[in-house]
Number of protein chains: 2
Amino acid sequence: MEDEVDRLVAAWRRERPDLDVEPLEVLSRVSRLARHLDRARRLAFAEHQLEPWEFDVLTSLRRAGAPYQLSPGQLLTQTLVTSGTMTNRIDRLAKKGLVERLPDPSDRRGVLVRLSPEGRDRADQALAGLLAQERAILGRLSRTERGELADLLRQLTAPFDNIPG
Amino acid sequence: MEDEVDRLVAAWRRERPDLDVEPLEVLSRVSRLARHLDRARRLAFAEHQLEPWEFDVLTSLRRAGAPYQLSPGQLLTQTLVTSGTMTNRIDRLAKKGLVERLPDPSDRRGVLVRLSPEGRDRADQALAGLLAQERAILGRLSRTERGELADLLRQLTAPFDNIPG
DNA sequence: AGAGTATATCTCGATATCAAGAAACTTGAT
DNA sequence: ATCAAGTTTCTTGATATCGAGATATACTCT
């Protein structure tokens with residue numbers, strides 16, 4: 001089946017036959033798919049009264065394991081937002097009682113963000129919902145295809161994640 | 001090589017061994033990669049004094065072919081933003097002289113957005129820069145692998161692009 | 001023709017994000 | 001000890017986005 005990127009690439013080949021636009025076949029699809037996923041996730045999380053950004057922060061802490069705490073700096077590398085954004089997110093989650101800010105005992109510049117029990121429950125519930133939705137989106141692909149896709153994508157993400165980026 | 005999603009998935013398997021988190025192997029990579037691409041693109045476009053959103057609108061018009069005009073509604077489906085956002089974008093591009101708003105002769109509710117000659121040049125230059133950067137990012141993949149990746153991604157994007165979504 | 005529904009674009013208020021810089025603290029070298 | 005450089009987090013101001021509703025025009029059916 002054709003998608004919007006097929007149409008986009010065909011248009012470029014008509015308008016700029018001098019250029020090789022093949023890279024768009026991969027990377028424009030990644031960007032557009034991410035945008036669609038954002039919208040779908042927003043809907044899925046709404047059932048749990050969570051915004052996507054709240055989910056990102058809460059699940060980062062949840063994954064850390066007991067006692068469910070990380071520094072704002074560690075949260076930055078997981079969520080790919082700037083420090084100002086993270087400060088703001090932590091403020092709002094703290095106001096809602098989903099996280100708590102504690103002084104870092106080993107570095108007085110630092111802070112630890114800890115998940116509250118309610119925050120933990122909300123994260124766990126929303127994760128189950130997200131996985132159900134994602135399975136539906138991936139439904140057309142076989143297990144083998146999903147594995148291939150994951151491996152190919154890893155080759156693109158690894159440089160960003162490992163080099164300072 | 002390992003990436004951040006490998007670590008993320010391993011953490012979930014430790015914390016929630018009851019859940020099957022395999023969907024994240026694909027879709028978390030898509031979201032994170034898109035975020036990295038956004039940042040990289042912002043840098044590439046800065047050399048041409050263009051914001052990513054400006055590039056998106058200008059190139060949509062450029063691809064339409066002479067006389068380089070589309071309705072705001074057509075621009076919406078290409079850029080995946082809301083109508084309020086698009087009105088705002090057109091206003092700002094018009095103020096910079098890169099596009100022009102014309103009445104649609106066949107529908108008096110409608111408007112046509114037309115690319116100016118300068119807008120066209122800027123779009124063409126920025127596209128060349130973007131393609132160079134994307135080739136570098138895709139560098140590790142063979143031609144065959146890029147083709148496989150594009151095909152697998154198309155299976156995920158097609159439903160969003162074809163069903164009203 | 002007229003009523004009701006659908007479409008196209010714009011307006012407006014609320015909000016999340018970013019970038020840059022400030023403030024507090026730590027680290028390492030002399 | 002002290003100083004300079006590095007880090008960690010927060011503050012601030014500007015800006016882009018979204019969502020909901022408003023307005024104007026087009027279409028459809030009787």
Side-chain angles (χ1 to χ4, degrees), chain A residues 31 34-43 45-46 49-58 60 69-96 99-114 164-165, chain B residues 31 34-43 45-46 49-58 60 69-96 99-114 164-165:
Chain A
S31 293
R35 205 119 176 68
H36 288 302
L37 291 174
D38 277 349
R39 291 182 169 185
R41 273 201 268 259
R42 182 172 301 278
L43 288 177
F45 292 145
Q49 283 92 48
L50 275 186
E51 300 290 321
W53 64 263
E54 295 178 298
F55 177 85
D56 286 343
V57 176
L58 297 180
S60 292
Q69 56 190 25
L70 292 173
S71 70
Q74 291 174 306
L75 287 169
L76 291 190
T77 71
Q78 299 227 354
T79 54
L80 300 177
V81 296
T82 60
S83 65
T85 298
M86 187 52 69
T87 298
N88 185 20
R89 288 182 173 188
I90 296 166
D91 286 348
R92 283 175 283 159
L93 287 170
K95 200 165 294 177
K96 292 176 76 171
V99 306
E100 182 183 10
R101 236 189 277 250
L102 307 171
D104 181 337
S106 66
D107 184 338
R108 278 196 294 179
R109 293 168 305 181
V111 165
L112 290 175
V113 181
R114 173 144 66 187
Chain B
S31 293
R35 207 121 175 65
H36 288 303
L37 290 175
D38 278 348
R39 292 181 169 185
R41 274 201 267 260
R42 182 173 301 277
L43 288 177
F45 292 145
Q49 282 92 49
L50 277 186
E51 300 290 322
W53 64 263
E54 295 179 298
F55 177 85
D56 285 345
V57 177
L58 297 181
S60 292
Q69 57 190 25
L70 291 173
S71 70
Q74 291 173 307
L75 288 169
L76 290 189
T77 71
Q78 299 226 357
T79 54
L80 300 177
V81 296
T82 61
S83 65
T85 298
M86 187 52 70
T87 298
N88 186 20
R89 288 183 173 188
I90 296 167
D91 285 349
R92 285 174 283 157
L93 288 170
K95 200 165 296 178
K96 293 176 74 172
V99 307
E100 183 184 8
R101 238 190 277 249
L102 306 172
D104 181 338
S106 67
D107 183 341
R108 277 196 295 178
R109 295 168 305 181
V111 165
L112 290 175
V113 181
R114 175 144 62 186

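Remember, predicted model here, so these are calculated numbers, not experimental data. Here is the naming used below: chain letters follow the sequence lines, and residue numbers restart at 1 for every chain.
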Arg89(A) CZ to dC10(D) P, in whole Å, measures 14 Å

note: Asn88(A), atom CG; dA14(C), atom P; distance rounded to Å ~ 17 Å

Fill in: dC18(D) OP1/OP2 closer than 4.0 Å to side-chain N/O of Thr85(B)
yes

* Would you classify Asp104(B) as touching base, sugar-phosphate or nothing, given that sugar-phosphate means primed atoms plus P, OP1 and OP2, and contacts are heavy atoms under 4.0 Å? => nothing

Within the structure provided, determine whether Ser83(B) and Met86(B) are in side-chain contact (heavy-atom separation under 4.5 Å). no

Can you tell me if Arg108(A) has over 12 outside heavy atoms packed within less than 6.0 Å of its CZ?
no

Separation of dA16(D) atom P from Lys95(B) atom NZ, nearest Å, is 11 Å

Looking only at dT17(D), dT9(D), dT26(C), the nucleotide nearest the Arg92(B) side chain is dT17(D)

Result for 5'-nearest mapping on DNA chain D, choosing between Gln74(A) and Arg35(A), is Gln74(A)

Heavy-atom distance under 4.5 Å between the side chains of Ser71(A) and Val111(A), does that happen here? no

With the side chain defined as heavy atoms from C-beta on, Asp107(B) is closest, among dT9(D), dA20(D), dA8(C), to dA8(C)

Met86(A) CE to dC18(C) C1', in whole Å, measures 13 Å

Of the candidates dT25(D), dA19(C), dT17(D), the side chain of Arg42(B) sits closest to dA19(C)

Short side-chain N/O contact from Arg39(B) to OP1 or OP2 of dC18(C), under 4.0 Å:
no

In this structure, CZ of Arg89(B) is separated from CG of Leu58(B) (nearest 0.5 Å) by 10.5 Å

Rounded to whole Å, the CG-P distance (Leu112(B) to dT9(C)) equals 8 Å

Q. Can a side chain N or O of Arg108(A) be found less than 4.0 Å away from OP1 or OP2 on dT9(D)?
A. no

In whole angstroms, the gap separating P of dC10(C) from CG of Leu75(B) amounts to 11 Å

Of dT17(D), dT11(C), dC18(C), the nucleotide closest to the side chain of Thr87(B) is dT11(C)

Next on the checklist: Heavy atoms only, 4.0 Å cut-off, all strands: where does Gly84(A) land among base, sugar-phosphate and nothing?
Outcome noted: base

With the side chain defined as heavy atoms from C-beta on, Arg109(B) is closest, among dA8(C), dA16(C), dC18(C), to dA8(C)

Taken to the nearest 0.5 Å, the spacing of Asp38(B) CG from Leu43(B) CG works out to 11.5 Å

Comparing Ser71(B) with Leu80(A), nearest DNA chain C nucleotide closer to 5' gives the residue Ser71(B)

Atom CG of Asp38(B) and atom P of dT17(C) are separated, to the nearest Å, by 14 Å

Leu70(A) atom CG is separated from dT8(D) atom P, nearest whole Å, by 14 Å

*According to a strict under-4.0 Å criterion, is Thr82(A) in side-chain N/O contact with OP1 or OP2 of dT17(C)?*
no

Considering only heavy side-chain atoms of Val111(A), the closest of dC10(D), dT26(C), dA16(C) is dC10(D)

Among dC18(D), dC18(C), dC10(D), the one nearest any side-chain atom of Val81(A) is dC18(C)

Of dC25(C), dA16(D), dC10(C), the nucleotide closest to the side chain of Pro72(B) is dC10(C)

Between Glu51(B) and the options Arg92(B), Arg42(B), Arg41(B), the side chain to side chain donor-acceptor pair (under 3.5 Å) test singles out Arg42(B)

